[in-house]
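Since the structure comes first, as structure tokens, the remarks are kept for the end.
A quick note: this is a predicted structure, and the numbers were derived from the prediction, not measured.
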Amino acid sequence: MSMTENLVTAGMPISDTESPRPSSLTFTLTILGAGSATPTLGRHPTAHLLTHNTEYYLIDCGEGTQYRLLEQKIRPGRLHHIFISHLHGDHYFGLAPLLSSLNLAGRTEDLHLYGPNGLDEILTTIFRYSDTRLGYPLHFHPVDPVTPTVLADLPELTISSVPLEHRIACSGYLFREKARKPKLLRDKLPADVPVEYLKQLKEGHDIIDGQGQVIYAVEDYTTPGPPPRSYAFCSDTRYSERLIEQVRQVDLLYHEATFLEDNAQRAYEVFHSTARQAATIALKAEAGNLIIGHFSSRYKQFQPFLNEARQIFPHTSLATEGLHVEIKDWQY
Ligand SMILES: [Zn+2]
Ligand SMILES: [Zn+2]
């Protein structure tokens, strides 16, 4: 299946056809599974893979996720961070098999796992009774489902939790790039400028002589780096306006849309959202683009989800398996 097959999009750039940045600055999302709890042929449960430069981040790991990774030719050995939203099976039943397979493959590198309390206990029990001894360090980071928390402060990304309103403890995840360093305008600088000056200019510091005079000003010899990009994953949740501030101006928002608006009461009762509600969050948060998914298996057609959401937020796409999106700094 082609990476861009089945794409239903409203002005969303696709990495295969539009690549405005060097590949070393990749920031892409691949949808590995977009279904909901009831098994449905051809619709696998939730799993998203975020690629930032050379790093992979797996978000949720529904049943069969390791096969979806194989299909997409993604080597799981490159994963160092896995995020699980909550302990309903359609979001993590693929995790123990994936962790076991990494072990079989001889992994020795550290792996960081973020998720609700209890996930560590479940895995420990599975591994105890299957006599599985992981040959690599697995670091479990319990996620507070109530208070937004910075979970990982990496050199290029900050990853935070986004508390959601679901029947059990549930968190979304927000990935924000750090500000990039300014770019040097080498042509404007004399050839004999000391390397140390170049470094300081790139760090955003003016070059000042012994008398306190500015020799080279940052604003004259650099251009600002590209704006930081961001992705927010909002897993199973009721409509919650508490999300809005946390995901404000995110470049790409994934928000579940299990039901259509005519089932809004049902959505409320079972702690899920409608397509219209997902679009309302995107609109109020001034998101760049919205992807909706996790449609209830009662629906056979998805176009009504798209129509309903686009009435509120035109830049909406459906989370179809294999969808591959480049996250960029959209104009708000
Ligand atoms: Zn679910
Ligand atoms: Zn759930």
Shortest non-hydrogen contact from S36 to S296? OG-CA, 3.6 Å

Tell me if a side-chain donor or acceptor on D209 pairs with a main-chain N or O of G212 at a distance below 3.5 Å. yes

Are R107 and Y136 in a cation-pi setup, meaning NZ or CZ lies under 6.0 angstrom from the ring centre and within 45 degrees of the ring axis? yes

Under 3.5 Å donor-acceptor, T38 side chain and S297 backbone: no

Hydrophobic cluster membership, with links at side-chain heavy-atom distances under 4.5 Å among I/L/V/M/F/W/Y: are L70 and L32 in one? no

Under a 4.5 Å cut-off applied to non-hydrogen side-chain atoms, are L98 and P76 in contact? yes

Single-linkage hydrophobic cluster, 4.5 Å side-chain cutoff, F271 and I281 together: no

Does atom CD of E63 have more than 12 heavy-atom neighbours from other groups under 6.0 Å away? no

Side chains of Q66 and S101: is there a donor and an acceptor less than 3.5 Å apart? yes

How close do I291 and A319 get, heavy atom to heavy atom, and via which atoms? CG2-CB, 3.5 Å

Quick one: does D60's side chain have a donor or acceptor within less than 3.5 Å of a partner on S85's backbone? yes

Separation of L157 CG from N53 CG (nearest 0.5 Å): 8.0 Å

May I ask you to establish whether R78 and Y56 are in a cation-pi arrangement, using a distance under 6.0 Å from NZ or CZ to the six-membered ring centre and at most 45° from the ring axis? yes

Inter-residue atom distance L323.CG - H48.NE2, 0.5 Å rounding: 9.0 Å

Check: K188 side chain, D220 main-chain N or O, donor-acceptor pair, under 3.5 Å: yes

In this structure, are over 12 heavy atoms from other groups packed under 6.0 Å from R276 atom CZ? no

Intermediate values then yes/no, ring pair (Phe, Tyr, Trp, His ring centres under 6.0 Å), H294 and H91: CA-CA 10 Å; H294 199 272; H91 296 262; 5.3 Å; yes

Are the side chains of L154 and E55 in contact, using a 4.5 Å heavy-atom criterion? no

Start with the C-alpha distance between N289 and L253, add both sets of side-chain angles, then the distance that settles side chain to side chain contact (heavy atoms under 4.5 Å, CB included), and finish with yes or no. CA-CA 6 Å; N289 274 281; L253 171 68; over 6 Å; no

L151 vs T158, test: side chain to side chain contact (heavy atoms under 4.5 Å, CB included). Steps then yes/no. CA-CA 8 Å; L151 301 171; T158 303; over 6 Å; no

Contact summary for V143 and Y173, nearest pair of heavy atoms: CG2-OH, 3.7 Å

R238 to Y268 six-membered ring, cation-pi geometry met (6.0 Å, 45°): yes

Distance (rounded to the nearest 0.5 Å) between T46 OG1 and I59 CD1: 11.0 Å

Contact summary for L25 and R229, nearest pair of heavy atoms: O-NH2, 2.9 Å

Working note: Q277 + H255, criterion side-chain hydrogen bond (donor to acceptor under 3.5 Å, both in side chains); need CA distance, chi angles, decisive distance, verdict. CA-CA 9 Å; Q277 290 171 338; H255 193 294; over 6 Å; no

Taking the six-membered ring for Trp, are Y221 and Y216 parallel (under 30°), tilted (30 to 60°) or perpendicular (over 60°)? perpendicular

Let me confirm one number: the CG-OG1 distance from D144 to T149, rounded to the nearest 0.5 Å. 5.0 Å

Around atom OH of Y197, are there more than 12 heavy atoms from other residues, nucleotides or ligands closer than 6.0 Å? no

Any side-chain heavy atom of L119 within less than 4.5 Å of one from L123? yes

Is it true that D236 and R167 make a salt bridge, defined as a side-chain N closer than 4.0 Å to a carboxylate O? no

Take N307 and Q303 through the side-chain hydrogen bond (donor to acceptor under 3.5 Å, both in side chains) test and state the conclusion after the steps. CA-CA 6 Å; N307 296 346; Q303 190 65 32; 3.0 Å; yes

Can you say whether the rings of H88 and H86 are parallel (under 30°), tilted (30 to 60°) or perpendicular (over 60°)? perpendicular

Side chains of E261 and T274 only: does a donor on one sit below 3.5 Å from an acceptor on the other? yes

Please work out whether the ring planes of H112 and H139 are parallel, tilted or perpendicular, with thresholds of 30° and 60°. parallel

For the OH atom on Y299, are there more than 12 heavy atoms of other groups (residues, nucleotides or ligands in this structure) within a distance under 6.0 Å? yes

Okay, side chain of E256, backbone of T258: is any donor-acceptor separation there less than 3.5 Å? yes

Does I208 sit in a hydrophobic cluster with other residues, and if so which ones, taking ILVMFWY side chains as linked at heavy-atom separations under 4.5 Å, directly or through other members? V214

Do you know the tightest heavy-atom contact between D206 and V218? OD1-N, 2.7 Å

D90 and P45 have their tightest heavy-atom pair at O-CB, 3.2 Å

Assess whether a salt bridge exists between E321 and R43, defined as any Lys/Arg side-chain N lying under 4.0 Å from an Asp/Glu carboxylate O. no

Classify the angle between the aromatic ring planes of Y254 and F233 as parallel (below 30°), tilted (30 to 60°) or perpendicular (above 60°). parallel

Would the number of heavy atoms belonging to other residues, nucleotides or ligands and lying under 6.0 Å from NZ of K183 be above 12? no

Under a plain distance cut-off of 3.5 Å, with no hydrogens placed, do H166 and T237 share a side-chain donor-acceptor pair? no

Run the side chain to side chain contact (heavy atoms under 4.5 Å, CB included) check on I82 and I84 step by step: do they pass? CA-CA 7 Å; I82 298 177; I84 300 296; 4.2 Å; yes

